[in-house]
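Data block below; observations after.
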Amino acid sequence: MTAAATWESRIPYPALVAGLTGLALALCAVSAAVGYVPFDLGAALSDWLAGRPTLGALVLAELRLPRALLGLLVGFSLGLTGAAMQGWLRNPLAEPGLVGVSSAAALGAVIVFYSGLSAALSLALPLGGMAGAVTAAVLLNLMAARGAGTTALVIGGIAINSLAGSLTALALNLAPNPYAALEIVFWLMGSLADRGTDQLWLVLPPMLAGWALCLSGARALDALTLGEDAAHSLGFDLTGLRVRLIAGAALAVGSAVSVTGAVGFVGLVAPHLMRPLAGARPGRLLLLAGLAGACLTLAADIAVRLMPTRPELKLGVVTALIGAPFLIVLIARLRREEA
Amino acid sequence: MRIETHALSATAGGRAILTDVTLTIEPGAFTGLIGPNGAGKTTLLRLLAGLAEPAAGRVTFDGRTAAQTGRRALARGIAYLPQSGPVHWPLRTEALVMLGRLPHRGPLGGITAADRAAVERALATADAAHLRGRIVGTLSGGERMRVLLARALATEAPVLLADEPVAALDPGHQLACMALLRDAARRGSGVVAVLHDLTLAARFCDRLILLSGGGALADGPPGRVLTDDHLRAAYGIAVQRGEAGGEPFLLPWHALPSPMPKPETP
């Protein structure tokens, strides 16, 4: 009776989506209003919309809005791909950051940085990030195709993660001067500060494509709840699913990392917060986790600007400070459930 | 749907599991797939479901190959219940059973009244309606098996392939489950179940296929398959037989010192 009652009283899915979308947009507005110079958001907005080139309009259009929108896009990408990876590997610990996709993307971007290609071609950085993410995703795919179980896959992901990390460290070690190394280190920590409209337009198309690929797997991810044989027998092509999810994660995470550096744990935390509200259905979880990821990232990015620390803390540092204890609690809970 | 295998062979890890198996699964019959551990029962069931490619030979569904039939049409035609099926997320029973309707839903189509009705029928048939709001992870082994069976029934496919559907059930639910599968066959479905309980197999199945040594050692009505010779050759056992209410039953009695390789002892 009580179980049936909770089933009935669950918040309807459309209401959840609408509520989270509203929250994400509100946080976007707050993010645009928060900054280091005194700033009248209303006046700037009306100036900008009217096409008056005032300082306020310029700050809004070139600094505040890109930062807020990038927070939204990056957070959605991380939350969505986290949910997609967890559903696909049927492991609640799978996350772009943990299975090496993010760090490989970071490595790709660092190589581009290092080689000087990024100065020559603005597109080089996101392309480098995506190339790194694709490499990690293809390695994971090869392991999956050889019949590795999900535990083996996660361990393989961790191996990819450390390999990419050590190669990044190697690049730093070989950096021609300490300033270049410092620049890379700060970039790796992950931040949304001082990003502009150029970066926004650069990463928008690959991110949207990545989202579409991940979301197209919703039904198949639901079916995978019953294991691979059952999902196959329900009419889903699992090879196609693998290719779509890996390409989708690589596009979305690769471009996200190339703009903001590594922002960890959003992809882990967002699906976990949303799972009970999605009735644990992996397909439904995708969109909800994306929206929750956007909210978390925006909130963290607002927090770094409200904190008195100057220069501001890096976004990735804050998400890791919150996310890592969350991971420990999560593992403790998983162990209890298994026992 | 009529499933035919022709000179089917299957290998696993370089070892031949099945060699030259030719048989037909007809609609309207309840077939029990029996045989010792490692005889290839699950392998054969997966081949019948179109989930694996045979090493040699072919499987056809109403005369067409799996590729010609198409994955979705096959999914609507055959419901497959894997052995001790995993459930990876804490779904509620109702949502889990609804997964059985996926083959009937378009890429963007929502849940229809027909889907809800099919889920209700499946829950009622599998005696799982009272579990609808429970989270699957909290169910007992028997309850969980019935929910998974309801998921397979919800597809309402003309063929149901079940791998050890009664393994986790108590005697009462074993009998209920066997009766349920037999009734499904009476209504015109083709039902194939992997079974280990020879008495249940003898009492409820129309036909038994005894797999042993890489092929079908015997195939036919239970009385003709469960002979002393076949059981000795396949399982290396002697049985006690009896009769109750006009129905024969048999109990595995002791293992025979036979040429059959001994199972490893720990």
Side-chain angles (χ1 to χ4, degrees), chain A residues 1-10 13-14 83 86-92 94 147 149-150 215-241 271-272 274-285 333-334 336-338, chain B residues 13 42 45-46 48-52 66 70-110 129-138 148 151-152 154-155 157 159 161 163:
Chain A
M1 184 59 225
T2 51
T6 42
W7 169 246
E8 291 304 328
S9 65
R10 247 177 10 91
Y13 179 65
Q86 291 182 12
W88 173 50
L89 297 172
R90 281 151 284 150
N91 191 313
T150 51
L215 288 169
S216 75
R219 289 275 169 88
L221 289 177
D222 276 345
L224 263 181
T225 301
L226 296 166
E228 296 198 356
D229 263 359
H232 193 186
S233 79
L234 285 166
F236 294 97
D237 168 18
L238 298 182
T239 312
L241 176 73
H272 275 282
M274 290 299 116
R275 185 162 287 118
L277 295 173
R281 275 175 280 186
R284 279 211 159 164
L285 184 60
R333 248 179 53 189
L334 286 175
R336 243 198 334 272
E337 276 165 25
E338 277 164 17
Chain B
T42 296
L45 204 69
R46 292 183 76 240
L48 290 174
L51 293 175
R71 196 59 250 176
R72 270 184 74 78
L74 212 55
R76 285 192 289 264
I78 301 174
Y80 174 77
L81 179 62
Q83 187 178 348
S84 62
V87 179
H88 290 286
W89 301 110
L91 258 64
R92 289 186 192 282
T93 294
E94 199 166 28
L96 184 87
V97 176
M98 191 58 85
L99 295 178
R101 298 301 296 170
L102 283 171
H104 296 277
R105 290 168 59 187
L108 293 170
H130 60 292
L131 305 172
R132 72 174 67 236
R134 296 270 300 277
I135 287 175
V136 178
T138 67
L148 289 170
R151 192 282 298 169
T155 308
V159 175
L161 305 177
D163 200 346

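Because the structure is predicted, anything quoted here is derived from the model rather than measured. Chain A is the first sequence line, chain B the second, and so forth, proteins listed ahead of strands; every chain is numbered from 1.
- Across all their heavy atoms, A:Gly235 and B:Arg72 have their closest contact at O-CG, 4.2 Å.
- Contacts of B:Arg101 with chain A are absent, with no heavy-atom separation under 4.5 Å from either backbone or side chain.
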- Decide side chain to side chain contact (heavy atoms under 4.5 Å, CB included) for A:Arg275 and B:Trp89; before the verdict, give the C-alpha distance in whole Å, the side-chain angles of both, and the deciding distance to 0.1 Å. CA-CA 9 Å; A:Arg275 185 162 287 118; B:Trp89 301 110; 3.5 Å; yes
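- The shortest heavy-atom contact between A:Leu234 and B:Ala75 is C-CB, 3.4 Å.
- Interatomic distance, B:Leu51 CG to A:Glu228 CD, rounded to the nearest 0.5 Å: 11.0 Å.
- Of the atoms belonging to B:Pro86, heavy atoms from both backbone and side chain fall under 4.5 Å from chain A.
- Side-chain contact between A:Leu224 and B:His88: absent, with no pair of heavy atoms (C-beta onward) separated by less than 4.5 Å.
- Residue contact with chain A, scored on non-hydrogen atoms closer than 4.5 Å, is absent for B:Leu81.
- In plain terms, the two heavy atoms of B:Pro82 and A:Ala230 that are nearest each other are CG-CB, 4.0 Å.
- Contact annotation for B:Ile78: only backbone heavy atoms (N, CA, C, O) come within less than 4.5 Å of a heavy atom of chain A.
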- Starting from the C-alpha separation in whole Å, work towards a yes-or-no answer on side chain to side chain contact (heavy atoms under 4.5 Å, CB included) for A:Leu226 and B:Arg151. CA-CA 10 Å; A:Leu226 296 166; B:Arg151 192 282 298 169; 3.4 Å; yes
